[in-house]
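Worth knowing before you read on, the calculation uses all heavy atoms, side chains too, and leaves out hydrogens, waters and symmetry mates. Throughout, protein chains are lettered first and strands after them, A, B, ... in sequence-line order, and every chain is numbered starting at 1.
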Number of protein chains: 2
Amino acid sequence: MSRVSEDSGTAAKETTTERIPAALRREQILAAASRVFGERGYSGATTDQVAQAAGISQPYVVRMFGTKENLFLEVVARALDKLMTTFRETLAEHRPADDGDDADPLITRLGAAYVDLIDDRGILLSLMQAFITGHDPVIGAKAREGFLQIYRMLRDEAGFSPETIRDFLANGMLFNTLLAIRLPDIFEDDEAAEELMRCAFRGKLDVVLDASGVTWTRS
Amino acid sequence: MSRVSEDSGTAAKETTTERIPAALRREQILAAASRVFGERGYSGATTDQVAQAAGISQPYVVRMFGTKENLFLEVVARALDKLMTTFRETLAEHRPADDGDDADPLITRLGAAYVDLIDDRGILLSLMQAFITGHDPVIGAKAREGFLQIYRMLRDEAGFSPETIRDFLANGMLFNTLLAIRLPDIFEDDEAAEELMRCAFRGKLDVVLDASGVTWTRS
DNA sequence: TCATTTTGTAATCATTCGATTACATCATTC
DNA sequence: GAATGATGTAATCGAATGATTACAAAATGA
């Protein structure tokens, strides 16, 4: 559905850099940074890689965000915000209808909403990268805070039990994200990978594969 | 039970470096590297940090393993080997006894064996770090290969279905590892973190907290 | 039109880090 | 007890990288 960059092709470099309002350029950089950080992690990514992905020079990136750390923190904050918003929307549109049994239980719809986020690629990966950079005092604190923010929302707003949340986080989020990171690269190249991914994503498999940019033949 | 370094206190620096056979020194470096890489990731860790953790000079580390990449690859290979061995031992000691229903089902024992590995700290974290460094052509390939190796073992040797494996990997491994990475740092400091961890680890909670070196008051 | 602001880059600096070199010190063996 | 090899480090190099500076050029507005 919603792709990150609209004009100028798939994602990467522009040949001639046009003058664009700072606010818009800021969005472009954040979108590029989301992909690059999600892919390579905080310390693995360089400001120059972000700049190239945004079709802009490296000093511009640094000057607009002050430091690489600031840029990463804003990427993570936005990713978290997007995730929370998506979940809250799913909660809201679930409320009015029913009481009793669900044709489509809430947790299933939350899971589907989460998998849809893979379409944007950088969002979930950046969150994961932030969490795994937990040793850093600043980034780590933000990451843990965000993780628990999700937990509290699922508990207090969705009304789930700790056990249910645990299951949802493990099966619906972490597992899917980690699989979506790299296993698509060897899809149809390794029978075990294909088997596991088909089992994990089921109907949403095409979304995952499409988002990862892998070419594959529909079964 | 088994700690990484035996003599010279908890883990880190030695004041006077003694002459030690290369083979033994190699083990010390690998143990230190496992902790450092697990904590900070491949690109986040430096050879000097590994050297200091091993109580040795940085050039020695580089010369013994050639490159930082080689060192990391060997850390990951050993971690994977340890994990596979642990699982196979659990499988073996399960076989002879029963046929019919299990007092302690195999998957529960595998899960317990996995959580016990947290005691060593670096093992599971290094594997996780390797998998998240999937963009690197060499490291990524090894990580995916290792991940699928585990999958195949659970399928072919333990006889689990893809669905069962999916559940085991998500709940038993990924989730526990990610929680064990950083949430212990804020255990008893955040009610949500404490609640989630108590739910996730149950009887093994003390193992996780002990392994992370967090001081906490027993409930 | 010309001054000012906004948008952008080239050049470069300072630091970090993996790697190399050259050398020291201890152990072993003939 | 020199010769030889094994174990270890200090010094340093070169490349990578985040950050800074100084400048260019396009827009904006008087």
B:Lys68 NZ to D:dA16 C1', in whole Å, measures 12 Å

Base C:dA27 to side chain B:Arg19, donor-acceptor N/O within 3.5 Å cut-off = no

Smallest heavy-atom separation, A:Asn171 atom then B:Arg166 atom, equals O-NH2, 3.0 Å

I want to check one thing: is the phosphate of C:dG8, taken as OP1 and OP2, less than 4.0 Å away from some side-chain N or O of A:Ser57?
no

Looking only at heavy atoms, the pair that brings B:Leu80 and B:Leu127 closest together is N-CD2, 3.9 Å

- Message: Under 4.0 Å, counting only non-hydrogen atoms across every strand here, what does A:Ala45 touch: a base, just sugar-phosphate, or nothing?
- Response: sugar-phosphate

| NA contact type, A:Ala23, heavy-atom cut-off 4.0 Å: base, sugar-phosphate, or nothing? | nothing

In whole angstroms, the gap separating P of D:dT20 from CZ of A:Arg63 amounts to 12 Å

One pair to check against salt bridge (Lys or Arg N to Asp or Glu O under 4.0 Å): A:Glu27 and A:Arg78. What are the steps and the verdict?
CA-CA 11 Å; A:Glu27 297 303 315; A:Arg78 288 196 171 210; 2.7 Å; yes

note: B:Ile20, atom CD1; C:dT25, atom P; distance rounded to Å ~ 19 Å

When rounded to whole Å, the CG to P distance for the pair A:Leu71 and D:dT17 reads 16 Å

A:Pro59 has its side chain closest, among C:dT20, D:dT21, C:dG18, to D:dT21

In whole angstroms, the gap separating P of D:dT20 from CE of A:Met64 amounts to 16 Å

Taken to the nearest whole Å, CD/A:Gln52 to P/D:dA16 is 13 Å

Residues A:Phe37 and A:Gln129: closest non-hydrogen pair is O-CG, 3.5 Å

So, is B:Tyr60 near the phosphate of D:dT9, with a side-chain N or O under 4.0 Å from OP1 or OP2? no

From CG of A:Asn70 across to P of D:dA19 the rounded distance in Å is 9 Å

Winner on side-chain proximity to B:Thr67, out of C:dT7, D:dA19, C:dA19, is C:dA19

Taking every heavy atom of A:Phe175 against every heavy atom of A:Ala200, the minimum-distance pair comes out as CE2-CB, 3.8 Å

To the nearest angstrom, the CD-C1' distance between B:Gln58 and D:dA10 comes to 11 Å

Answer for the Watson-Crick or wobble partner of D:dG1, both distances under 3.5 Å, is C:dC30

The nucleotide from D:dG8, D:dG18, C:dT9 with an atom nearest the side chain of B:Arg25 is D:dG8

